[in-house]
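As structure tokens, the structure follows; a few thoughts come after it.
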Amino acid sequence: MPINFIYPEFEIVRDESQCIRCRACERQCANEVHGYDSERNAMESDELKCVNCHRCVLLCPTRALKIIRTDHTFRENANWNEDAIKEIYMQAGSGGVLLSSMGNPKNYPVYWDKILINASQVTNPPIDPLREPMETKTFLGKKPEKIGRSDDGTLKVNTSPQLELELPVMFSAMSYGSISYNAHESMARAAQSLGTYYNTGEGGLHEDFYKYGKNTIVQVASGRFGVYLDYLNAGAAIEIKMGQGAKPGIGGHLPGAKIVGDIAKTRMIPEGSDAISPAPHHDIYSIEDLRQLVYSLKEATQNKKPVIVKVAAVHNIAAIASGIARSGADIIAIDGFRGGTGAAPTRIRDNVGIPIELALASVDTRLRDEGIRSSVSLVAGGSIRNSADVVKAIALGADAVYIATGAMLALGCHLCRNCQSGKCNWGIATQRPDLVKRLNPELGHQRLINLLNAWKHEIKEMMGGMGINSIEALKGNRLMLRGVGLNEKELEILGIMHAGD
Amino acid sequence: MKRVYVNEKWCLGCHLCEYYCAFANTGMKDMAKALCNLEIRPRIRIEEQDDISFAVSCRHCDEPLCVKSCITGALSRENGVIVIDSDKCVGCFTCILACPYGAISQSETGAIQKCELCAKTNDGIPQCVAGCPNGAIVFEDRG
């Protein structure tokens, strides 16, 4: 047998005095880590298979389990760190591209954590959101350039189609296929209840979810899976996906093994065939081409629905966004390099793209400078982790934000980053029926509602502290932000002053 | 009246309800101490085959065959809940034969045992319901 170079990353610590041999851990682990030896009446574990998803830990009724990082070590080396060495071993063994999932975990600066929010003192009173009205509603879409009046003096109303959000947070695109039916149902029901939107991703819209259409953004991606007239008309808006923050510049590949039953039907492709999304849209090689697709989609939906163009945050994002704004799109969604994915080559995930904070600020600045900011709305995504990130994003210039990793965490995800295995123990990134049923949408949708209601309260508190009583007044209000520990160039791009300035 | 209902669509077959039931009926405070090295005798049981699993416990029937069949009057109906008086039970197991759901079993003492909706042990909060991780077991009044 050849040498296995990979030593288990985690150790499963079982407190024998607490374990009652109920075997829940064994039954719940799709990776088959736990086992039971009836001769010894003892539980056993194969740590090599453990992905540290905490399913067993949290279901253990006596809290007999915990998972710790192994202290087995390589000789310390600041250059050849443990991950670098292990990745060499893995590739030397497999000869393949390294795959991973969820967002970029590397130690790049998180600018949200280097930005501080203002509050009112003495000269401008803060507002108490519990006592005074506070508006979190916002609208996404092209805004009129100027107010026009007809001959009899009445206002001309020719507003482009808008999305109305009760709070400036939406669930971003995750396809049916990459995540489960129950995960989609949880998001759809939560979006409906919260007065916001969820996004189908590129996998089409399951027939059961057409009823949530008013709260659905339907996506048209390079694979065009499940796209047809009823689909386009089912949603409240249409999103053209040009790129994704986790893997800019490359497409997607859902293996044939996952294209079964309803997923094949929803994607409108034969069962068992690989669902390959090309890296480019093969009909889009310029802004003019993009414009054609934008207007084709508008025509197909009688100009009733705003069109979103989603791009990954890359080096010349400001110029790209300027082009998109001129293509006729109503909304631009920018996805930062920390955005999640169900599967991406590790090298791409960890090395391609730029932080959403910088991308958002530079796009907002560029569109303002060019006088076209009001012709599009901006949606920022790619690791919005809490309500403070939302407030900072809006103050930097976003009209709303997209969350996905945060939403998955609310549904039980533990960021074990093994979505690509298809064995998600939490019933999210899997299509195995016995695993999918672990996510009960009745419980899941309520957790999403709880999360966003909590954020809404916090957003109101923070806005109130600044003496601001509406999202509209916070938008692009960069004077409310200060940087800490940032250099001149970073402050210049973010368009904010340093703390103390 | 509120009863325990099971939705097999959400049952994961984790068997935790059995352990919470067994623990609830020990009257002890620490689950590990109560159940360590114990062959549990839960009043709720998971039935499973292939991909289907669901928990079965007393339905608290409006016309309970177990009560009718009881030769000593140990089983009776109190406010809709079928309760057992262990002192009266002689362990003839007629009720076990009569129950169409297989919800009655033998206890360690020889008397029969069945779900009493945790009325005697946990202030009427069924612990199988409280412990189910997926909301598959519910305690509802469905008329």
Side-chain angles (χ1 to χ4, degrees), chain A residues 14-30 34 36 38 40-43 53-65 180-183 185-186 208 261 411-412 424-428 430-447, chain B residues 5-55 118 122 125-140 142:
Chain A
R14 195 184 313 269
D15 183 343
E16 292 296 340
S17 69
Q18 286 292 107
C19 177
I20 56 171
R21 320 280 187 264
C22 71
R23 300 170 70 180
C25 50
E26 181 192 6
R27 294 191 181 97
Q28 289 291 298
C29 184
H34 301 278
Y36 175 70
S38 56
R40 292 186 294 130
N41 183 32
M43 301 302 301
C53 75
H54 291 196
R55 181 75 186 178
C56 58
V57 173
L58 295 188
L59 265 85
C60 177
T62 57
R63 241 174 252 126
L65 285 170
S180 66
Y181 178 96
N182 290 340
E185 183 180 332
S186 301
D208 294 353
L411 292 179
C424 176
N425 269 322
W426 291 92
I428 300 169
T430 181
Q431 301 304 330
R432 248 172 67 176
D434 60 319
L435 299 179
V436 171
K437 74 188 318 200
R438 292 182 183 182
L439 177 56
N440 181 346
E442 193 57 39
L443 307 178
H445 95 284
Q446 192 56 50
R447 289 181 64 82
Chain B
Y5 294 97
V6 174
N7 187 350
E8 76 260 19
K9 190 176 175 193
W10 303 118
C11 175
L12 309 176
C14 69
H15 291 251
L16 282 175
C17 49
E18 298 178 351
Y19 286 83
Y20 285 113
C21 174
F23 173 48
N25 286 292
T26 60
M28 291 167 72
K29 276 187 177 165
D30 185 90
M31 191 177 197
K33 191 176 164 192
L35 302 183
C36 197
N37 295 320
L38 186 78
E39 183 90 18
I40 60 161
R41 291 166 179 261
R43 288 147 174 81
I44 187 167
R45 292 236 181 227
I46 295 289
E47 300 276 338
E48 57 191 335
Q49 193 170 23
D50 302 326
D51 292 339
I52 298 171
S53 61
F54 51 87
C118 284
N122 288 281
I125 303 164
Q127 292 301 292
C128 53
V129 176
C132 178
N134 208 34
I137 312 179
V138 292
F139 190 44
E140 288 176 354
R142 294 188 183 173

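Letters A, B, ... are given to chains in the order of the sequence lines, protein chains preceding strands, and every chain is numbered from 1.
With chain B as partner, the option from A:Gly427, A:Cys19, A:Cys22, A:Ala24 having the largest number of non-hydrogen pairs under 4.5 angstrom is A:Cys22. Considering only heavy-atom pairs separated by less than 4.5 Å from chain B, the leading option among A:Pro441, A:Ala64, A:Pro433 is A:Pro441. The candidate from A:Arg23, A:Glu442, A:Lys437, A:Arg438 with the greatest count of non-hydrogen atom pairs under 4.5 Å with chain B is A:Lys437.
Atom CG of A:Asn41 has more than 12 neighbouring heavy atoms from other residues, nucleotides or ligands inside a 6.0 Å radius.
For A:Leu59, the parts lying near chain B are the backbone and the side chain together; criterion is any non-hydrogen pair under 4.5 Å. Neither the backbone nor the side chain of B:Phe23 comes within less than 4.5 Å of any heavy atom of chain A. Neither the backbone nor the side chain of A:Leu435 comes within contact range of chain B; no heavy atom of the residue lies under 4.5 Å from a heavy atom of that chain. Looking at B:Leu16, the atoms closer than 4.5 Å to chain A (heavy atoms on both sides) all sit in the side chain, from C-beta outward. Using a 4.5 Å cut-off between heavy atoms, B:Asn134 touches chain A through backbone and side chain atoms alike.
A salt bridge does not link B:Glu39 with A:Arg21: every distance from a Lys NZ or Arg NE/NH1/NH2 to an Asp or Glu carboxylate oxygen is 4.0 Å or more.
Along residues 6-13 of chain B, the residues that come nearer than 4.5 angstrom to chain A, judged on non-hydrogen atoms, are B:Glu8, B:Lys9, B:Trp10, B:Cys11, B:Leu12, B:Gly13 in order of number.
Residues that satisfy the side-chain hydrogen bond (donor to acceptor under 3.5 Å, both in side chains) test with A:Ser17, not counting sequence neighbours, are A:Asp15. Annotation: side chain to side chain contact (heavy atoms under 4.5 Å, CB included) contacts of A:Gln446 (sequence neighbours excluded): A:Ile449, A:Asn450. In this structure, the side chain to side chain contact (heavy atoms under 4.5 Å, CB included) partners of A:Gln431, at least two apart in sequence or on a different chain, are A:Tyr176, A:Ile263.
The distance from atom CD1 of B:Ile40 to atom OG1 of B:Thr26, rounded to the nearest 0.5 Å, is 11.0 Å.
No donor-acceptor pair under 3.5 Å is formed between the side chain of A:Thr62 and the backbone N or O of B:Met31. Not a single donor-acceptor pair under 3.5 Å links the side chain of B:Gln127 to the backbone N or O of B:Tyr20.
In terms of heavy atoms, A:Ser186 sits closest to A:His445 at O-CB, 3.3 Å.
A donor-acceptor contact under 3.5 angstrom links the side chains of B:His15 and B:Glu48, judged on distance only.
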